[in-house]
Amino acid sequence: MIRIAFFDAKDYDINSFNNNITDEFEMKYYETHLTVDTASLAAGYDVVCVFVNDMIDKAVIDALVESNIKLIALRCAGYNNVDIEYAYGKIDIVRVPAYSPYAVAEHAMALLLTSIRRIHKAYIRTRDFNFSLNGLTGFDLHGKTIGVVGTGKIGRILIDISRGFGMKVIAYDKFPAKDSGIDYVPLEEIWEKSDIISLHCPLTDETEHMVNADSIDRMKKGVVLINTSRGALVDSEALLEGIKERKIGAACLDVYEEESDVFFHDFSGHIVADDVLARLISMPNVIVTSHQAFLTKEALENISLTTFANIREYLSEGTCANMVTYKPE
Ligand code: NAD
């Protein structure tokens, strides 16, 4: 029996993992995040299963190794929350590289349309029988330029969707895809030429705060920024300034750099301590969803099936196609 300690468990996770569990596995679901203070809950289990806001730092890795945990199974694609350099040679990590790139790309487009057609405002108005159109003027996407940063699985689907809307697509990727028919430009041109910018690259030392005061300065007035990737790609204080200066026309944020203490929890009725987040949410041209882009039935199904398959493969073969690899210098 493979025993799995599952952290940051939500009802939708529990439902989908319980739907796909087989006799080989035994699950213990914990609502709490995995931290150095909660790592002892994993003692006696074979595997820890974690999500985007469980911080797997040096102290957590030491605690897991001490408890003889055999594997860290990420049930997400990104692994910026894991100190993979420190984990190297101590404990292996697997991930779910793709569960539904459509879910995320479609959410990016949903946020864009909601924002620029003022659907979030109209929804509230008509529920109050206010049928005025004042202040709801949007703009056509047809003919506009979208700059896509990161042309991996999600970025490419957004490119296809955007072309369907008759938009001109330009893109930047550190590793451009050959013969893809994508119009790659330098990153500066993305900032300077795009009416809409959507981020789809991973969070690394290089990409952290790639949207900052300098890049915002280069952008077109009225630009719409979409971030469904990782919060720290955007310097939130610089974004707030850009919005206050009317440089940024709208921001659609599914991720936020300080999200780990807030997202996925119900703080209604509480006072949110994060002033930058509170101010962003107060803006009429900012839409925040709480790391929801992945949340479709199809994605949850793929996450649970792939996670079980990863664990099964790793524990039977000592390796796994979805292992997170770190190459020492
Ligand atoms: P992917 O690995 O298929 O694509 C990432 C692309 O980024 C690759 O083409 C890569 O070459 C490029 N890249 C790497 N370094 C770069 C750099 N410095 N500058 C520009 N491009 C760079 O990943 P994906 O499946 O398309 O996912 C993209 C991101 O979306 C993930 O990193 C993850 O953080 C995020 N994500 C968010 C959600 C959500 O629910 N909001 C869900 C899944 C993934």
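Note: hydrogens, waters and symmetry copies are ignored here, and every other heavy atom, side chains too, is used. Here, residue 1 is the first one in the sequence, and each next residue gets the next number. Whatever order the structure lists them in is the order used to number ligands and atoms, beginning at 1.
For residues 40-50, the set of pairs meeting the side chain to side chain donor-acceptor pair (under 3.5 Å) definition, not counting sequence neighbours, comprises Asp46-Lys70. Judged as a ring pair (Phe, Tyr, Trp, His ring centres under 6.0 Å), the pairs with a partner in residues 65-115 (not counting sequence neighbours) are, in order, Tyr88-Tyr326.
From Phe25, atom CZ reaches atom SG of Cys49 across 10.5 Å, with rounding to the nearest 0.5 Å. With rounding to the nearest 0.5 Å, the separation of OG in Ser100 from CD in Glu301 is 12.0 Å.
Looking at residues two or more places apart in sequence or on another chain, you find a ring-ring contact (aromatic ring centres under 6.0 Å, His included) between Phe264 and Phe51, His291.
For a heavy-atom separation below 4.0 Å, the residues in contact with ligand 1 are Tyr99, Val104, Gly150, Thr151, Gly152, Lys153, Ile154, Tyr172, Asp173, Lys174, Phe175, His200, Cys201, Pro202, Glu206, Thr207, Thr228, Ser229, Arg230, Asp254, His291, Ala293, Phe294.
A donor-acceptor pair is defined here as one N or O able to donate and one able to accept, closer than 3.5 Å; such a pair exists between the side chain of Asp195 and the backbone of Thr145.
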